[in-house]
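Below: one structure, written as structure tokens.
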Amino acid sequence: MDKPIVVFGPIAYDDIETRYGRVKKILGGCGAYTSVVVSSYAVECSLISIVGKDFKQTDREFLINKGVSLEHLETEPTDNTLFWSGYYSEDFTNRITRETKVGVYTNYDPIIPEGLKNPEILVLGNISPQIQWSIWNQFSKKPVLTVLDTMNYWIDSQLEFLKRIIGKVDVISINNEEAFSLTNERNPHDAAKKLMAMGPRYVIIKLGEFGAYLFSKHQYYYSPAHTVDKAIDPTGAGDCFIGGFIGYLYQSKDYSFENMKMAMGHGTVSASFVVEDFGLKNLEYLNQKSRNLRFKQYKTSIESKLEPSPQVYERLHQA
């Protein structure tokens with residue numbers, strides 16, 4: 001039986017340091033963040049990824065208990081799980097990498113099982129555009145919605161492959177710095193026009209603590225961030241945003257721009273949960289009831305919020 005949502009993205013172990021402390025070898029990776037949030041919508045979500053000999057049974061059980069299907073999670077017994085170590089500046093505007101060990105991704109060449117080749121939504125998480133391209137070409141027919149994420153490392157090292165896959169997807173979700181790297185435009189409105197010219201029908205540009213934009217050819221929508229009492233770790237916030245965005249869209253079965261505006265709010269609220277603790281710890285408390293309560297608070301709080309000023313974009317790019 002075909003799965004409604006397929007998420008392709010890494011599972012990783014992270015070593016994260018912020019002004020609130022440091023955690024070592026904690027569960028992370030865009031595949032884990034996104035699929036956990038999607039599954040919180042009571043939607044069947046299959047994760048395609050690979051882990052190594054060091055992957056803990058407790059982390060496997062956490063993902064399963066949160067509703068993520070790991071039927072197609074590969075385990076490579078001769079190498080370790082993808083590992084990233086880094087720290088954030090005092091104001092979270094900069095993330096500095098200490099070390100990355102690709103481990104099981106050194107020679108990873110995923111094969112999509114027949115039962116996953118006809119999803120309604122496909123998420124191509126942040127990994128090599130060559131692998132994203134390989135994944136895309138294995139699907140028997142185009143999903144209703146395909147969402148792509150990437151980062152500056154791939155923009156710098158695999159730009160041609162990246163442009164090729166960007167031309168095939170419906171939605172590209174990136175932050176302001178990545179949008180600038182791809183288009184040389186600092187203003188999100190100008191960057192979005194150039195990105196849509198590459199092929200996507202919709203562009204999401206994330207501005208961190210200042211919220212996010214959704215663009216189509218003739219419309220745009222600004223979604224402010226949801227304020228939390230204490231942001232401890234921003235790792236995975238963008239991945240959780242995408243999880244909330246697509247989880248709501250699939251649950252509502254409405255892929256119009258108007259409904260995507262509501263989905264932006266769900267993405268924002270989902271991201272607000274994860275930043276309140278390190279890694280995926282706080283997602284333990286994410287469910288339909290807790291999210292709906294926070295979403296009501298969010299809708300009330302954003303009524304009078306305006307778009308960021310041009311000075312904000314300059315600040316973000318100078319950080």
Side-chain angles (χ1 to χ4, degrees), residues 4-7 9 30 33-35 37-43 45 119-126 142-150 165-176 178-179 188-208 210-226 237-273 286 288 291-292 294-296 298-303 305-308:
I5 297 179
V6 172
V7 173
C30 68
Y33 285 107
T34 302
S35 58
V37 173
V38 170
S39 298
S40 73
Y41 283 83
V43 172
C45 174
E120 187 159 329
I121 298 178
L122 169 64
V123 179
L124 295 173
N126 183 9
K142 190 177 184 297
V144 174
L145 197 75
T146 302
V147 182
L148 174 75
D149 188 16
T150 192
I165 190 64
I166 287 174
K168 297 295 184 180
V169 303
D170 302 293
V171 182
I172 180 171
S173 173
I174 54 179
N175 66 33
N176 62 294
E178 293 154 356
H189 295 263
D190 297 328
K193 289 178 183 177
K194 288 190 176 180
L195 288 166
M196 283 185 282
M198 297 180 187
R201 291 183 291 149
Y202 306 102
V203 172
I204 295 173
I205 298 180
K206 296 166 287 188
L207 306 174
F210 297 103
Y213 279 102
L214 169 68
F215 295 94
S216 70
K217 187 175 181 180
H218 300 294
Q219 302 177 80
Y220 79 92
Y221 175 71
Y222 169 67
S223 178
H226 182 58
D239 305 314
C240 292
F241 179 95
I242 289 302
F245 181 80
I246 65 171
Y248 174 79
L249 286 179
Y250 179 81
Q251 193 178 63
S252 62
K253 295 293 187 180
D254 180 354
Y255 297 97
S256 67
F257 185 86
E258 283 301 309
N259 200 47
M260 284 187 179
K261 289 160 61 174
M262 186 72 75
M264 291 284 285
H266 276 256
T268 296
V269 167
S270 297
S272 75
F273 276 89
L286 175 62
Q288 299 228 42
R291 180 178 45 246
N292 288 343
R294 190 171 290 194
F295 186 72
K296 289 180 182 178
Y298 173 71
K299 286 200 298 182
T300 301
S301 69
I302 67 173
E303 290 178 357
K305 290 191 177 179
L306 303 175
E307 295 181 56

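If you read the sequence from its start, that first residue is 1, and numbering goes on from there.
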Pair Phe245 + His266: ring centers closer than 6.0 Å:
no

Sorted by chain and residue number, the side-chain contact (heavy atoms from CB on, under 4.5 Å) partners of Ser223 (sequence neighbours excluded) come out as Tyr221, Met264, Thr268, Tyr298

Run the side-chain hydrogen bond (donor to acceptor under 3.5 Å, both in side chains) test against Lys261 and tell me which residues pass, sequence neighbours left out.
Glu258

Separation between SG (Cys240) and CG (Leu286), nearest 0.5 Å, reads 8.0 Å

Which pair of heavy atoms, one from Ala237 and one from Ala271, lies closest together, and at what distance?
O-CB, 3.4 Å

Residues forming a side-chain hydrogen bond (donor to acceptor under 3.5 Å, both in side chains) with Tyr248, sequence neighbours excluded
Asn259

Within-4.5 Å side-chain heavy-atom neighbours: Phe273 and Val37
no

Mind checking whether Leu124 and Val147 have side chains closer than 4.5 Å, heavy atoms only?
no

Contacts table for residues 192-207: side-chain donor-acceptor under 3.5 angstrom, sequence neighbours left out:
residue, atom, partner, partner atom, Å
Lys194, NZ, Thr183, O, 3.3
Lys194, NZ, Glu185, OE2, 3.0
Arg201, NE, Asp170, OD1, 3.3
Arg201, NH2, Asp170, OD1, 3.1
Lys206, NZ, Ser173, OG, 3.4

What residues, two or more places apart in sequence or in another chain, satisfy side-chain hydrogen bond (donor to acceptor under 3.5 Å, both in side chains) together with Ser216?
none

Rounded at 0.5 Å granularity, tell me how far CD1 in Ile174 sits from CG in Asn126.
11.5 Å

Specify whether Tyr213 and Tyr222 have parallel, tilted or perpendicular ring planes, treating 30° as the upper limit for parallel and 60° as the lower limit for perpendicular.
tilted

No-hydrogen, no-angle side-chain donor-acceptor test under 3.5 Å, Ser256 and Asp254:
yes

As a quick check of understanding, evaluate side-chain contact (heavy atoms from CB on, under 4.5 Å) for Lys168 and Thr146, giving each step before the final call.
CA-CA 8 Å; Lys168 297 295 184 180; Thr146 302; over 6 Å; no

Test side-chain contact (heavy atoms from CB on, under 4.5 Å) on Gln219 and Met260; report intermediate values, then the result.
CA-CA 12 Å; Gln219 302 177 80; Met260 284 187 179; over 6 Å; no

Atom CD1 in Ile165, atom CG in Leu148: separation rounded to 0.5 Å?
6.5 Å

Report the residues that fulfil side-chain contact (heavy atoms from CB on, under 4.5 Å) with Ser272, sequence neighbours left out, ordered by chain and then residue number.
His226, Val228, Val269, Arg294

Does the plane of the ring in His189 sit parallel, tilted or perpendicular to the ring in Phe215? Use 30° and 60° as the thresholds.
perpendicular

Val43 and side-chain contact (heavy atoms from CB on, under 4.5 Å): which partner among Ile246, Ile5, Ile121?
Ile5

Could you grab the distance from atom OG1 of Thr150 to atom CD1 of Ile166, nearest 0.5 Å is fine?
7.0 Å

With Asp190 via side-chain hydrogen bond (donor to acceptor under 3.5 Å, both in side chains) - residues at least two apart
none

Show, in sequence, the C-alpha distance, side-chain angles and deciding distance for Tyr41 and Ser252, and conclude whether the side-chain contact (heavy atoms from CB on, under 4.5 Å) test is met.
CA-CA 10 Å; Tyr41 283 83; Ser252 62; over 6 Å; no

Is the number of heavy atoms from other residues, nucleotides or ligands under 6.0 Å of Lys296 NZ greater than 12?
no

Applying side-chain contact (heavy atoms from CB on, under 4.5 Å) to Leu145 and Glu120, what does each step give before you reach the verdict?
CA-CA 7 Å; Leu145 197 75; Glu120 187 159 329; over 6 Å; no

Who passes ring-ring contact (aromatic ring centres under 6.0 Å, His included) against Tyr250, sequence neighbours left out?
none

Atom CZ of Arg291 and atom OG of Ser270: how far apart are they, to the nearest 0.5 Å?
5.0 Å

Nearest atoms (heavy-atom pairs only) where Cys45 meets Ser39:
CB-OG, 3.7 Å

